[in-house]
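Below: one structure, written as structure tokens.
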Amino acid sequence: MTPSTVRAIVFDMDGVLVDSEPIFLQAINTVLAGEEAYLPPERNQEIIGSTVGHTWAKLVEWYSLPKAAAEYVIEYDVIVRDIINQGLD
């Protein structure tokens, strides 16, 4: 694909086209499992729509996690990419 063949780009910022929240919750819980913690879907409702940084700051606070939020964000981002790539195979 060359730049001249791209005619449009669609951004789905509100989840109308793709419901990505289950992917994000799965990734969060994969990271939290390493800390023997779990975020139930009901509690996740409190952070849906937040930035990744804010989400992990809240999770560090709620679960008294030992690392800084930024460290969890790095791990989380890798897991999200892996989940998405598995779905594209």
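FYI, side chains are in, hydrogens and waters are out, and symmetry mates aren't considered; it's all heavy atoms of this structure. This chain uses plain numbering: 1 for the first residue, then up along the sequence.
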| remark: When rounded to the nearest 0.5 Å, the distance separating CD1 of I28 from CG of L39 is 5.5 Å

| query | Quick one: does I47's side chain get under 4.5 Å of F24's, heavy atoms only? | reply | no

| task | Answer yes or no: is there a side-chain heavy-atom contact under 4.5 Å between E75 and K67? | result | yes

| request: With the side chain counted from C-beta on, respond yes when Y76 and E71 share a heavy-atom pair under 4.5 Å apart, and no when they do not. | output: no

| message | Measuring from atom OG of S20 to atom CD1 of I48, what distance do you get when rounded to the nearest 0.5 angstrom? | response | 9.5 Å

| request: Calculate, to the nearest 0.5 Å, the distance between atoms CD1 and CD1 belonging to I79 and I23 respectively. | output: 13.5 Å

| field | Atom of V10, atom of L17 and distance for their closest heavy-atom approach | value | CG1-CD1, 3.5 Å

| task | Please name all residues satisfying salt bridge (Lys or Arg N to Asp or Glu O under 4.0 Å) with E35, sequence neighbours left out, ordered by chain then number. | result | none

| What are the two closest heavy atoms between D77 and V52, and how far apart are they? | OD1-CG1, 4.5 Å

| request: Using the rule that two of Ile, Leu, Val, Met, Phe, Trp, Tyr join whenever any of their side-chain heavy atoms come within less than 4.5 Å, decide whether V78 and I83 are in one cluster. | output: no

| request: Quick one: sort the Y72 and W56 rings into parallel, tilted or perpendicular, breaks at 30° and 60°. | output: parallel

| Which heavy atom of T55 sits nearest a heavy atom of S50, and at what distance? | OG1-CB, 3.6 Å

| said: According to side-chain contact (heavy atoms from CB on, under 4.5 Å), who are the partners of P40, at least two apart in sequence or on a separate chain? | reply: Y38, E42, R43, Y63

| message | On a heavy-atom basis, which atom in V80 and which in A27 lie closest, and how many Å separate them? | response | CG2-CB, 3.5 Å

| said: Looking at T51 and H54, would you say the former's side chain and the latter's main chain have a donor-acceptor pair under 3.5 Å? | reply: yes

| Minimum heavy-atom distance A69-A57, with the two atoms named | CB-N, 3.7 Å

